[in-house]
Amino acid sequence: MAQRTLEVSHLNTSFFTERGEVKAVQDVSISVGKGQVVGIVGESGCGKSMIARSVMGLVKKPGKIVSGSITLEGKELTSLSEKELCKVRGRDVSMVFQEPMTSLNPTMRVGKQVQEVIAIHESLPKEEARRRTLEMLSAVGIPEVEARYSAYPHELSGGLRQRVMIAMAMVMRPRLLIADEPTTALDATVETQIIALLKQLAKDGTSVLIISHNLGVIAQLADYVYVMYAGRIVEKGSVFELFDNPSHPYTHGLLGAVSSLRSQTKVLQTIPGVVPNLAHLPAGCSFAPRCKECMAKCGSEQPKLITVNSEHEVCCHLIEGADEL
Ligand SMILES: Nc1ncnc2c1ncn2[C@@H]1O[C@H](COP(=O)(O)OP(=O)(O)OP(=O)(O)O)[C@@H](O)[C@H]1O
Ligand SMILES: [Mg+2]
């Protein structure tokens with residue numbers, strides 16, 4: 001099998017707080033191939049960003065990767081020192097963060113901010129770095145790049161700022177781009193443009209891990225989808241399989257919420273109940289307290305991942321039961 005760009009295996013990331021261990025990511029395995037767009041979807045607080053931060057080596061105290069492996073083109077990242085990670089970040093793997101305004105420096109011209117990423121990784125003559133920056137700003141669809149190079153973040157629209165963020169992430173041509181909620185703060189038209197841009201990057205060979213609580217965005221972009229609930233992957237499959245044939249009651253809930261809304265707001269609506277406290281997870285399936293189809297063993301036994309078909313796996317006792325019949 002060809003080497004995968006990203007391979008996350010049995011990752012566990014926790015926060016060690018005064019109130020106990022908060023298991024933000026539990027036994028998560030994710031794989032992204034070259035030029036593939038892989039999506040992670042799930043409600044707020046289910047651990048999506050913590051997976052991304054774990055890959056980037058940016059889990060802050062009291063958080064910590066407890067166990068598991070993360071490889072980028074076969075190279076283990078979890079054992080790298082901070083110095084080694086600094087070389088990898090931005091060059092081999094980069095991330096567009098969830099908070100676009102806080103991720104750009106408000107006091108620095110945007111062109112300089114992109115150029116600074118080059119300076120961290122390569123010693124290029126200033127003129128060459130500037131040329132490459134302008135080329136990248138233009139490649140992400142920013143018009144009149146010479147003028148925009150000198151703009152401060154507040155002088156740009158939300159859509160342009162997001163493009164600058166993507167330019168910063170892409171300027172070293174990383175193998176993997178992680179985009180955490182890249183369109184959440186944008187209106188529908190700009191969202192469509194950013195989706196098209198990410199698709200183009202993947203076509204050009206960049207692997208993309210896209211994180212969103214918006215199933216519409218995932219459906220348009222991803223080839224393969226992981227559904228997360230309370231720190232775990234509960235269902236995974238090719239985008240067609242998952243949307244056509246969802247098996248987990250939670251995925252049903254997410255899809256139901258979207259179709260009931262049609263395309264008006266496209267944000268997930270609520271499934272009755274709330275995500276459990278990750279410091280005090282129920283013994284069995286974490287979704288059991290909210291699940292309409294909950295059976296006795298769901299409250300006591302953690303379900304295993306079951307193969308639905310070659311493109312689809314699910315973690316649910318209901319499907320196990322169907323298998324046994
Ligand atoms: N500093 C922290 N201390 C303790 N727990 C934390 C901390 N940061 C995150 N967590 C825990 O990790 C969980 C997962 O957080 P994460 O940011 O990955 O969620 P998310 O799925 O990205 O949510 P959203 O859609 O809102 O961005 C949270 O529910 C929270 O319990
Ligand atoms: Mg998040």
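For this chain, numbers begin at 1 and follow the sequence in order. Just follow the structure's listing: the first ligand is 1, and inside any ligand the first atom is 1.
Other residues, nucleotides and ligands place more than 12 heavy atoms under 6.0 Å from the CZ atom of Phe16.
Here the protein heavy atom with the shortest distance to atom 17 (O) of ligand 1 is Ser49 CB, 3.6 Å. For atom 27 (O) of ligand 1, the closest non-hydrogen atom of the protein is Gln98 NE2, 2.7 Å. Remark: minimum distance from atom 26 (O) of ligand 1 to any protein heavy atom is reached at Ser44 OG, 2.5 Å. Nearest protein heavy-atom neighbour of atom 12 (O) of ligand 1: Ala24 CB, 3.4 Å. Scanning all protein heavy atoms for the shortest distance to atom 25 (O) of ligand 1 gives Lys48 NZ, 2.8 Å.
Summarising the contacts of atom 20 (P) of ligand 1 with Pro62, Gly45, Ser54, Pro276, the nearest heavy atom is found in Gly45. Across the listed options Phe16, Tyr229, Phe15, Phe15 owns the non-hydrogen atom lying nearest to atom 9 (C) of ligand 1.
A donor-acceptor contact closer than 3.5 angstrom is absent between the side chains of Glu235 and His248. Using a 3.5 Å distance cut-off with no hydrogens or angles, the side chains of Ser9 and Ser29 do not pair a donor with an acceptor.
A distance-only check finds a donor-acceptor pair linking the side chain of Gln162 to the backbone of Pro182 [under 3.5 Å].
The nearest N, O or S atom of Ser49 is closer to the Mg ion (ligand 2) than 2.8 Å.
Geometrically, Arg130 engages Tyr149 in a cation-pi contact, judged by NZ or CZ lying under 6.0 Å from the ring centre and within 45° of the ring axis.
Remark: Arg89 engages Glu82 in a salt bridge, criterion side-chain N to carboxylate O under 4.0 Å.
Distances shorter than 4.0 angstrom do not occur between any heavy atom of Gly42 and any atom of ligand 1.
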